[in-house]
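Working notes, beginning with the structure itself.
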Protein chains: 2
Amino acid sequence: MGEVTDSGLPRVVAIAWGTHAQPQSGPRRGMSHETIVAKAIEIADEHGLAAVTMQRLAEALGFTTMSLYRYVANKDELLMLMLGAESLVPEPAVPSAAPSGGPDEDWRVALRAWTDSLRTMYAAHPWLLDVTRGPTSVLMPASVLLVDQGLHAISGLGLSDHENLSLILVVSSYVSAFAALERDLAGQDDLAFGPEAMQELGSVITPERLPYAAPLFLSGGYVGGPVDDDLPGVESEYDFGLDLLIEGLAARRHRAPKGTTASKHG
Amino acid sequence: MGEVTDSGLPRVVAIAWGTHAQPQSGPRRGMSHETIVAKAIEIADEHGLAAVTMQRLAEALGFTTMSLYRYVANKDELLMLMLGAESLVPEPAVPSAAPSGGPDEDWRVALRAWTDSLRTMYAAHPWLLDVTRGPTSVLMPASVLLVDQGLHAISGLGLSDHENLSLILVVSSYVSAFAALERDLAGQDDLAFGPEAMQELGSVITPERLPYAAPLFLSGGYVGGPVDDDLPGVESEYDFGLDLLIEGLAARRHRAPKGTTASKHG
DNA sequence: ACCTGAACACCGTTCAAGT
DNA sequence: ACCTGAACACCGTTCAAGT
């Protein structure tokens, strides 16, 4: 798919890290990858990913559409550069000087701080969820930076390298999935159905066909449900799942403490 | 966004469930929502979501592009109907007659069977990960059917309705995120960088800038890593995370056994 | 009410030209 | 080597017409 530089690195990765040598001769360049990507992100933040067209982007930069192709092989490459931009990653929260709960609690706080950072990123740049990732996306600056911060957060757990990376992958996958869910369900409130709509749905979501879902639907627990106005969206579900992951981690940690080989105690 | 029927139900939901009354007078209809959606899914399965254009779909059905607009308000509605098609959901695996591990093990087996079903669905229809969901997607037949099967799987856990639904949401989010990861990382093998590429990346992924990621990268644990040819893609990471969720669930279950008032998610 | 043909306002991208 | 103007092959969608 993507082109490759002389060193064998994908072109888009080299561009993102700034190791892609720019041509030296010829007229001065009117733009740079940085300005192009920054403007594209600005448009996506403000008007959504669909608003990021080559024409609109070029116009916003004061050039013609075709000039962009001097910097970017195609639109996919532009999207990948947006996805990998280091500027997307929030500054890590400064750890508060609050009384520590001991080493057994610290990693939970650090892990939660990291997931909060991820959520902040998705909240500020929801279009990230719309960009199709690819094999090279994990090599982009934003990904590596996030992994670095994640590894930092869980460094106190004493896991192996492979386990550390697995955990980072698992947790970031979980958070991104929930960010997507939160985005998808936005405006769910407008779906406050009247009795007619509920009856129409009830005629087809029947206990015979859907024995487990139907009762939940009829009780109102499925849509709308117990409306928690305090909690925005699926906040409580998010916490529930993250708690499960953390408790699972704690259980595993307790079972096989640092430095010990896994015991058969279970 | 979407139009609404007389009953207040979103038009696309009514169509999907078959409660949307078809016009009676006039010429016989040449197509149906079923045939249109089935053909669209066929195209997406075979050639990807990008290949599903109104023109191509209509041609495959033997009609002109514009005729589709008699059945579907716009392309978004078509995508939503594809996303919600009941036919996407795999048949639930018949529980094997293997010796039971007791009620404390049964729910783990059932939960894993359900997640396997979800993964099968994403593997067979990878374009599902590319369709932007919306507030109404949870009301579509495929979603409700999957929720029903999920509730069935965890019915032995004795959780509250709300907890059940939370768990379904959490687990399905996790699985979909990993399905996306697996898809995104497909072809990662082609990224077997030579020493030149590694050196170029190493010049910019430095211990100073990325203290936690750099060592992992230099040790080869980040890209390529310990190549497990037996395990396709991120299989082991997937299992790791699912184990964590299940262990967390077991720990919680142990702490607040069935019959006790459940703590409210935290 | 169905289906069609023509047309519109966009897309991303190529190419030959100017500087 | 940069930037441009014109052109191409598509998109989704609207509209007035035929039946």
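Throughout, protein chains are lettered first and strands after them, A, B, ... in sequence-line order, and every chain is numbered starting at 1.
In this pair, B:Tyr238 and B:Tyr174 present their aromatic rings parallel. The plane angle is below 30°, not in the 30 to 60° band.
Within the nucleic acid shown, B:Met66 comes within 4.0 Å of at least one base atom, counting heavy atoms only.
Here B:Thr64 pairs with nothing under the side-chain hydrogen bond (donor to acceptor under 3.5 Å, both in side chains) rule; sequence neighbours left out. Every residue two or more places apart in sequence or in another chain that forms a side-chain hydrogen bond (donor to acceptor under 3.5 Å, both in side chains) with B:Trp127 is listed here: B:Asp45. For the side-chain hydrogen bond (donor to acceptor under 3.5 Å, both in side chains) test, residues two or more places apart in sequence or in another chain that qualify with B:Arg183 are B:Asp130. A:Ser7 pairs by the side-chain hydrogen bond (donor to acceptor under 3.5 Å, both in side chains) definition with A:Thr5, B:Glu200, not counting sequence neighbours.
A distance of 11.0 Å separates CD1 of A:Ile41 from CG of A:Leu57, quoted to the nearest 0.5 Å.
The stretch residues 118-127 of chain B participates, sequence neighbours left out, in these salt bridge (Lys or Arg N to Asp or Glu O under 4.0 Å) pairs: B:Arg119-B:Glu182, B:Arg119-B:Glu235. A ring-ring contact (aromatic ring centres under 6.0 Å, His included) check over residues 29-71 of chain A, counting only residues at least two apart or in different chains, returns the pairs A:His33-A:Tyr71. Legend: salt bridge (Lys or Arg N to Asp or Glu O under 4.0 Å) pairs involving residues 26-40 of chain B, not counting sequence neighbours, sorted by first then second residue: B:Lys39-B:Glu42.
Here the side chains of A:Arg209 and A:Ile205 are not in contact, with every heavy-atom distance at 4.5 Å or above.
Residues A:Val171 and A:Trp114 come closest through the heavy atom pair CG1-CZ3, 3.8 Å. Taking every heavy atom of both residues into account, A:Met121 and A:Leu146 meet most closely at CE-CD1, 3.7 Å.
Within 6.0 Å of CD on A:Gln22 lie more than 12 heavy atoms contributed by other residues, nucleotides or ligands.
Note that the first and last nucleotides of DNA chain D, 5' to 3', having any atom under 4.0 angstrom from a heavy atom of chain A are D:dA1 to D:dA6.
No donor-acceptor pair closer than 3.5 Å links the side chain of A:Thr35 to the backbone N or O of A:Met31. In terms of modelled atom types and a separation under 3.5 Å, the side chain of A:Arg133 and the main chain of A:Val131 share a donor-acceptor contact.
Listed by residue number, B:Ser67, B:Arg70, B:Tyr71 are the residues of residues 67-76 of chain B with a heavy-atom contact under 4.0 Å to DNA chain C. The stretch residues 39-48 of chain A has no heavy atom under 4.0 Å from DNA chain C, so no residue of it qualifies as close. Residues from residues 56-65 of chain B that place a heavy atom under 4.0 Å from any atom of DNA chain C, listed by number: B:Phe63, B:Thr64.
Base pairing in DNA chain D yields stems of at least 3 consecutive Watson-Crick or G-U pairs, both distances under 3.5 Å, namely C:4-8 with D:12-16, C:12-16 with D:4-8.
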